[in-house]
Amino acid sequence: MESLHYLSLVTALAFAVALFEFLLVCWRFEWYRTTKFHHVALFETRCALMYIAIAAISVLPAHLPPS
């Protein structure tokens, strides 16, 4: 797998998800502040699950040992 100097692509993707969430909240701040809690919870949960899944994949070893 290629790397970006010291970050692997998967790690950079996890960072991109967090950055995307932050930028989306900044862009739609009034919606984020005034909408129902249910919508904010769905948005935050989806972003968190994507981030956790990508972060979990990024810590896997490149090659698994033979069983």
Side-chain angles (χ1 to χ4, degrees):
M1 180 178 287
E2 293 182 29
S3 64
L4 302 173
H5 299 289
Y6 58 93
L7 285 178
S8 70
L9 290 177
V10 179
T11 306
L13 182 61
F15 178 75
V17 168
L19 185 62
F20 174 74
E21 176 186 6
F22 176 74
L23 292 175
L24 195 61
V25 169
C26 288
W27 178 54
R28 302 288 294 177
F29 183 70
E30 190 61 32
W31 171 86
Y32 191 81
R33 207 172 57 96
T34 59
T35 192
K36 293 181 180 180
F37 181 78
H38 172 76
H39 298 296
V40 173
L42 284 175
F43 171 72
E44 292 290 339
T45 301
R46 288 177 181 154
C47 288
L49 289 175
M50 282 191 306
Y51 179 81
I52 288 171
I54 294 168
I57 290 170
S58 74
V59 297
L60 288 175
H63 301 284
L64 294 174
S67 50

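Note: hydrogens, waters and symmetry copies are ignored here, and every other heavy atom, side chains too, is used. Residues: numbered from 1 along the sequence shown.
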K.L.:
On a heavy-atom basis, which atom in Val10 and which in Ser58 lie closest, and how many Å separate them?
P.N.:
CG1-CB, 3.6 Å
K.L.:
Pairs under 3.5 angstrom only: tabulate donor-acceptor contacts from the side chains of residues 18-36 to other protein residues two or more places apart or in another chain.
P.N.:
{"residue": "Glu30", "atom": "OE1", "partner": "Arg33", "partner atom": "NH2", "Å": "3.4"}
{"residue": "Glu30", "atom": "OE2", "partner": "Arg33", "partner atom": "NH2", "Å": "3.2"}
{"residue": "Tyr32", "atom": "OH", "partner": "Glu44", "partner atom": "OE2", "Å": "2.6"}
{"residue": "Thr34", "atom": "OG1", "partner": "Glu30", "partner atom": "O", "Å": "2.7"}

K.L.:
Quick check: is Ile52 connected to Ile54 through a chain of hydrophobic side chains (ILVMFWY, heavy atoms under 4.5 Å apart)?
P.N.:
no
K.L.:
Ala14 and Ala55: which non-hydrogen atoms are nearest, and at how many Å?
P.N.:
CB-N, 4.5 Å
K.L.:
Can you list the steps and then say if Leu49 with Thr45 is a side-chain contact (heavy atoms from CB on, under 4.5 Å)?
P.N.:
CA-CA 6 Å; Leu49 289 175; Thr45 301; 4.0 Å; yes
